[in-house]
Structures are given as structure tokens and as C-alpha cells.
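This report concerns only the one structure given below.
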Amino acid sequence: MTSQDCDKKLFLLDAYALIFRAYYAFIKNPRINSQGINTSAIFGFTNTLFDLIKKENPSHLAVVFDVGETFRHREYKEYKANRQETPEAIRIAVPYIHQILEALKIPCMSKEGYEADDVIGTLAKKAEREGYTTYMMTSDKDYAQLVSENIFVFKPASRGNDIEIWDIEAVKDKFQVETPSQVIDLLGMMGDNVDNIPGIPGVGEKTAKQFIKEYGSIENLFAHSSELKGKMREKVEANKELGLLSKKLATIETNVPIEFNYESLTVDKPNVDQVIKIFEDLEFRNMIVNFKKTYPNIFESENGPEKDLSNSVSVTGQRSLFDTLDQDIEMKESSNWKTIENTDHLYQLTETPMAVKLLVEKLSKQNIVCFDTETTSTDSMIAELVGISFSYEKAKGYYVPFNTKDKEKTQELIEILRPFFENENIAKVGQNLKYDYKVLRRYQVEVKGILFDTMIAHYLINPDARHNMDILAETELNYKPISIESLIGKKGKNQKLFSSVPLDEQKEYAVEDSDITLQLKNKLDPQLAKDNLKKLFTEIEMPLMKVLVDMEWCGINLDIHALQDMSKELVEDLSRLEKEIYSLAGEVFNINSPKQLGDIIFDKLKLGNKPKKTKTGQYATGEEVLLKLAHTHKIIDLLLEYRQLQKLKSTYVDALPDEVNPITKRVHTTFAQTVAATGRLASNNPNLQNIPIRTPRGQEIRKAFISKDHNHKIISADYSQIELRIIAAMSKDSAMINSFNNGEDFHKATASKVFHIPMDQVTKEQRSHAKTINFGIIYGVSAFGLSEQTGLSRSESKNLIDAYYAAYPELKKYISEQIETARKNGFVETLLGRRRYLPDIHSKNNVVRSHAERNAVNAPIQGTAADVIKIAMIKIHELLHEKNYQTKLLLQVHDELVFDAPDEEIKEVSALIKNTMENSVRMEVPLIVDVGVGTNWLEAH
DNA sequence: CAGGCCCCCC
DNA sequence: TTTAGAGGGGGCCTGA
């Protein structure tokens, strides 16, 4: 489409529809900039706008905002008192978006008392009459009203880059209706799927669609409702008013008293400087690039006439139409980062042995010193030291560089530093100390003394946040440190080694890190105390860090040959499956591509009557979806098997041998102590917390984790149902506690209670259902979720949940108390006071709030379980060391500990482990630990 | 190269 | 078309 073709086109955008859409697209992972602003909505909105401009280059366009209280808002409020209110992030976003639009010279409109949809509808009709083609972006539920000859509808992309333009035929096809008015009726009937519209309670969407098709319109349906039968008739008749109101609320006003003036909706050339300034303030760095791509003409000649553009006088005049919204909302003050040049600091280079000796002397007079190692790699098992920085006073510090090529000299300097690191009386501060600890250990230096890791401190203070030093410096100290990327480049294969950076820059960067970290410590330490997190920090997390170091350091033995054999088998099986799949599909395609796979299953083979789609518009092809289709075509089983084998091969069988350390010949995972918001650990590179166990083929993989040699065995000790026991103890539910104290099969006991039958008559199926609810309770069940899981109907599931709460009344009370606590305090706590903040608990958005409410229940349980096992780990580590056992703790998998033990220790150590784990925390419910021994992990489990 | 999708674990 | 619908994680692969 060329720009000439655009002459008579008008684009109309519903601002809030776009903003909300963008906001929700990022709801699970919102974009928060360093000023703490949730920029999801602004970002998404701007992105979509740019997409539109890139694709259509519109000459005439208006972004339409809702203003004031409109008819529909009022009506709806009466129907439902707790109307959704605007999320905070959107309130913040709106003024920014206005600024952006103003800088882009894109006209805005609004009309007091009418919704954007009404304004758009009216303008569209008027434009249509004057022969213009109109493209509308409105909230989807409303557009159908406006479908007519010259009006098109376009849909924003939710995250990707594609805007779809639907023509009338396509829209009709999607709705499977003939006339626009039918579409409106249909939409009015969509009931609780459309959160603004009540619909006809009790009449399902499909049924409603059917009725309307039969009767032609909703009014007609009500007029002839006596023809309906039974329950349906009752429901339809009982809800006549609501049904009509639904339609009224869904109807768009197309007679808004507003002038239509095509010329006034002209898009001007943007004020480049102004746009860039806003993006910079918001930290939208990529958006600036996007901006330049979106307006290629303006940026073609960088030195060209674009300077004049900013002075261009042609103002669209549309701002006057927009009158009320942004006046009372002030822009958040943009903070001024101090730059390093402005900061007075004294960072000294300490190169020679003599100078380092003097430094160590100074350091030994200190009580607290912050240090940070600079290395050649982020992998502590291979990283080589490039330098170490030290700081014990604000704005002061030292940097000891090493010559990576001269090992002897490096070791010489390290020997001089050793007394400092091994001095028990000097507390050491650092960011992510586990890393430095491990690096130094490879140089035979053992860090001693009290440790303070700022990353862990911040994790305890706000577990949901990110804990990078850069971010901490910005949020806690309002200071922007030198970025590592500015020294060694963006990560990737072209990234330089830190050792290649000029010494002076190394020094500035490295010492700044120590300097800042020390300041962070001073800031975070009192916060820990204030939030009663000191104990958790000093008695659990910091000691645990050392335990983790030993675990990672030790690594685990892997039977590479077994895996290699398995890989060969898998290759054969996969290629056999591949051939069969291709022949069944009738063509060759990439089975690993969900996109291509979806097209084959749903478009070509036409399996399943209403395929689900993912956010991006592809067909969903997840395991559950495929399982439901299993009976329809042979190909499905093959695909499922293919997927399973492919996963095992790529993630485990082929990947694990690559992770074997060439020197130790063992696999060294890394435990992340600060990523899981609940307090759990996470494992990566490789992840040894998700080694298969369910399927026979998966078990073969677990079998490849073997003991050190034939004089050693693997010991696996796992807590039995720890989370259920914890929820029993924390809720103090007497029925639950009794059940555990009596050593009953808890799931069976639950089944007996909810189905009201004696224990010995519980069937397997009933026990399994009970088990599902038991876990559901931990995660926060809904009847919907339970019915999906169990295959029971939704009402059966609901009854089951009710019966469950009746059986465990105190548990029910506990759940509501947790939610109440979260509302009142803003956070919930584990047994040991580990916090999780849940600001969304106050959200007016159902989805968001419910999520927070489930977290209010789940976080303390999952977190307490994490606390318990962490204590056990520390104690066991201590005891093993004390009694000089050679048994090593290797892995932690949330409720399981895995050890490598010499044969002669197994008996004693097994007892020690069991005993320590079971008694690490005293509760009203016994903690039970099962211990297993074997030559490999599978056998031990 | 990042994010979507999927699947592995507790 | 329009979601999501039980918590917490990590990793592979495609597609731009």
C-alpha cells in the first residue's frame, strides 16, 4: 500500500482498549523501570501504535479517550456495585501516553459523557457517509456494531508485531452469524465472559447463541420465551431484564454530538527531540530504535532538516477537544542520576606485593570489609581471577589487579591477601558472595568470618524484586553505577574478557562495585532488623550459602556411557516416530515447531472442533490439549511420544554429559538462593531439580546419577507430605493434626471424610480425588481447576470442595485469615518470618487479586517447607563436619536431600540424616522422613 | 537473541 | 475474538 492510497483513510483507536490490553499482556511479568514505574501499558500502547504506523502509514488518525462518567458506567455500576476500577499502573500510564501522542503529533479526542467506542462509532459513520474508509481499533466486543461497507476493524497485536485487519466477511465468519445485529445480540448474551456485561445468568454462551439464531434477536427471544421448555424457560424468563440490559450496555451510541472534520485529524511529523526525551525518561531504549524505524523518512538524513521539525508551528488543534484528563495528574518527577564524574571518590590501584601488604595491614584493622572479585567468566568453576576490589569506607577503595598470564605472580599476591580472607574477626560483605567464595576456593583461599551478602539481604526484604547490583544501586541508593557492558560489550560471543579492559577502567568499575555494595549493606542491614529478618538472615540464609558452596563444589557423578547409549536408542526411536508422523500427516514438517504442528493438527487434519489458541494466535498444542484429542487420530499418540522422547534427549540425555566438568569429571549445578519468591532454592546449569522420575524412560536418566565409586552409595532422604503437614500445623486444624498424629494415610483419611464413608471402604479413585484436592488446597483450588484435574463435573467438584472445608473447618478459617492478614499487613510470613509482599491483594481486578490471594495461602506453606529443609541442611552439614564423616550432601530437591556416602558410614549417617531432618523444627505434627540407599539416585529414591 | 511454548521436577 | 481458570521453578526451539 502506498501513501497515496491512504488519502481517504481514517484510523480510529480506542485508547483505553489498547492501554488495558497492553497492561494485561504484561500482567505476569510487568515492566518496571528503575524509578519504580510500571511501564507495561505505556510500552505496549506505543508499540502497537508504531506497528500501525509502520504497517499503514496513516495520514489521518485519532486516538480516542473515555472521559468522565458515561452512560454505560452508570448503568453498570447500578447492576454491580464493585465495578472494576482503573489499576494504578494505568492511571500512571495515561499522562505519559498523552505526552507521547502530543510529541508524535497524533490527534487525540474525547467527549465528556461518552465512551470512546461511541465517539469512534459516530465518527466512523460520519466518515463513511462522506466516502472515507475507516479502520477502527476498539475493544473487541463492541466493534461488530459498526460493521458495514466501508468500515474495517483491526486488532492490535498483544505482544508480537502483527496487527490484523479484518474485513467484514471475516468478522461475520468468525461469529458465524449473518447480520451485524445478530452479532450484537450474541455479544449481549456472552454473560460472565464479558466482564462488563451481565448477560443472562444461567444460560450458557452456546445455548444463547443457538436461541438467538433461532429467534433472530434477543428481544424476539424474550417475546417468545413461553415456547421454551423446562429449566431454560425459567432461566430466560427470570432474567429478561438483565438480558435486555445486557444488550443496552453492549449497544454503542452512534449519535454522539461531535463534529467530524477529516482535515483536523491529520497526522503531523513528530517532534523528534521531545519523543526521544520522553522515551529516555521512561528508559525505553529499544523504543527509540523502534521510533527511528517507524519514521524512516525523518531519520534518513541524520543531519538533515529534522531540526526544523521540532519548531514546526503546525499544531493540530485537536488538543482542545481533549480537555479534562491530564490536568490533575502530575508527571512523576524524573530523578537525576548522579554520574560517576560528579562523585568525589578515591579509588586506588594496589599492584605491587609491597602495596598489597600495606593494604592487608589496613584491612586487618577493620571490622567490616566489602570485597568483590573480577574474573574472566560468570561460571565460578572456570573463572580466573582478574582482580579483587576492597572497600571499607564510603567513596574509598582499593583494587588489586592480577596478571592472568602469570599464575605464579597471581598466587603470590593471593598469599599476601590470604590472612585477610581467612581472618575470622573481619566480617566480609559482598554481592552474591557464593560466587566469590567459590572462585577464591579454587585459589585455595577459604573465606572466613561473618558474611553479609547484600543480594540475599535484599531477597529477604523483598523476595519478588530483582536483586542485581545495578538495580539495587538504583533503587536503594539512587545511584547508577558503571555498567559492565560499557566495558566489555553486550553479552554474546563478541563480549571481551574483563582482563582486556584497561587497568584504570578496571579499577574504577571494580572498586565502585565494592563501594556501592558496602553502602548497600549499610542501607539493608537496618531494614533486615526492622522487618525481623535478621535471624533468618544470619542463622539460615548466610550459613546455608556455605552449605550450597560445598554442594556445588562437590558435584555429582554421572554415568556418561549409559546416557550415550540411551541417546543412540532415542535417535532411532525418534526417527521411526518422525517417519510415521510425516506419513500420517501427509507431509514433512518441523514437529518441534508448535506453530507448524498446530497448523497440521487443526487446519490440515481438522482434529478437535474448537481448537484453543495461545496468546499469539497460534494453536495451543500442549500436552493436555493433545491428550484430549488422543482418540480422534493415531497421530496424536505418536506426537506425544515424540515430544516426550525429544524432551528427554535434548534436555537430559544429550545435555547432561556436556555439563560434566573436565577436571572433576562431575556435574556441578548452581543453586540460586535468591530467585524463588517463596524461599525455595532453584537449580540451574544444569537444573538438577527436575531430573525425570515419572516415566520408565525418565527413570533411566535418574539411574545415570551414580555414587562416587563402588565403595560409596547414594542416600536419598525425603520428607513425606511436608506441605500438608505444615498446613495442618499452621492452621491448627484438629482433624488434620489428629490424622497425621495417628499415622493415617492422609489422602485416604481425607477421602473418608469428604465422601462420608469408612476408611476401609475408600476406593482407589476416591483416594486419588482426595489427593488432588489436598494438593489443590495448597495451591488454591477453584471448582473449575479441580474438575479439569479430576474429570469430575464442575458441580461435583464444587460439592467436593465444600465437603472438604466441612471436614477441616479450621483449615478453612486459616485460609481466610491468611488472606485477611495479607490485606491488613501487605505481606504474609512463614513460620520463621520469611515474608512475601502481596500488593495485588487489593487489586480490583479479579484475576490479579485472586492470584495474590492464592499466594497468601501458598507462600507461607511452600516457604515454611523451604525453611524447614534449609535448617536441616545446615544442621546436617554441621554434624557431618563435626564428626568428620566423609559423607557429602550433593543435592536438594525441595523436600529431598541427596548424599554420597562411603559404605561404612551409611548406617550411622542415614540415622543422623533422618533424625536431623525430622527434628529440625518442632511442630504439632510429626515430620516423617523416608531414607533410601542405592548405587544410583533412582535406586535410592 | 529473546520470548513463546512446552515439559520436566517438587 | 477474549484472556484465565493451582503454587514454585528451568530449558529448548523457533522465528525475526
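We name chains A, B, ... by the order of the sequence lines, and we start the count at 1 in each one. Everything quoted here is computed from the prediction, not taken from an experiment.
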Quiz item: Looking only at side-chain N and O atoms, does A:Q646 come under 4.0 Å of OP1 or OP2 in C:dC13?
Solution: yes

Quiz item: Base, sugar-phosphate alone, or nothing: which one does A:I691 contact when heavy atoms must sit under 4.0 Å apart?
Solution: sugar-phosphate

Quiz item: How are the rings of A:F705 and A:W937 set relative to one another: parallel (under 30°), tilted (30 to 60°) or perpendicular (over 60°)?
Solution: perpendicular

Quiz prompt | Close side-chain approach of A:L648 to A:P692, heavy-atom, < 4.5 Å | solution = yes

Quiz item: Do any side-chain nitrogens or oxygens of A:R694 fall under 4.0 Å of OP1 or OP2 in B:dC9?
Solution: yes

Exercise. Could you give me the CA-CA distance, side-chain angles and deciding distance for A:E623 and A:K647, then say whether salt bridge (charged side-chain N to carboxylate O under 4.0 Å, His left out) is met?
Key: CA-CA 12 Å; A:E623 191 176 356; A:K647 170 87 175 181; over 6 Å; no

Practice problem: Identify whether any heavy atom of A:E723 sits under 4.0 Å from a base atom; if not, whether one sits that close to sugar-phosphate; answer base, sugar-phosphate or nothing. | Solution: nothing

Quiz item: What is the distance, rounded to the nearest whole Å, between atom OH of A:Y652 and atom C1' of C:dC12?
Solution: 11 Å

Quiz item: With a 3.5 Å cut-off and just heavy-atom distances, do the side chain of A:R643 and the base of B:dC7 make a donor-acceptor pair?
Solution: no

Exercise. Indicate, yes or no, whether a donor-acceptor pair under 3.5 Å links the base of C:dG7 to the side chain of A:Q862.
Key: yes

Exercise. Would you classify A:A866 as touching base, sugar-phosphate or nothing, given that sugar-phosphate means primed atoms plus P, OP1 and OP2, and contacts are heavy atoms under 4.0 Å?
Key: nothing

Quiz item: At under 4.0 Å between heavy atoms, what does A:D718 touch on the DNA or RNA strands: base, sugar-phosphate, or nothing?
Solution: nothing

Quiz item: Over how many whole Å does the gap from A:N685 atom CG to C:dC12 atom C1' extend?
Solution: 14 Å

Practice problem: Please determine if a side-chain N or O atom of A:N590 lies less than 4.0 Å away from the OP1 or OP2 oxygen of C:dT14. | Solution: yes

Quiz item: Has the side chain of A:D895 got a donor or acceptor atom that lies under 3.5 Å from a matching backbone atom of A:D718?
Solution: no

Quiz item: Are A:P860 and A:M730 side-chain neighbours, meaning at least one heavy-atom pair lies under 4.5 Å?
Solution: yes

Quiz item: Base, sugar-phosphate, or nothing: which does A:R854 touch, judged by heavy atoms less than 4.0 Å apart?
Solution: sugar-phosphate

Practice problem: May I ask you to evaluate whether A:H851 reaches the phosphate of C:dG5, defined as a side-chain N or O under 4.0 Å from OP1 or OP2? | Solution: no

Practice problem: Select base, sugar-phosphate, or nothing to describe what A:A655 touches, counting heavy atoms under 4.0 Å on all strands. | Solution: sugar-phosphate

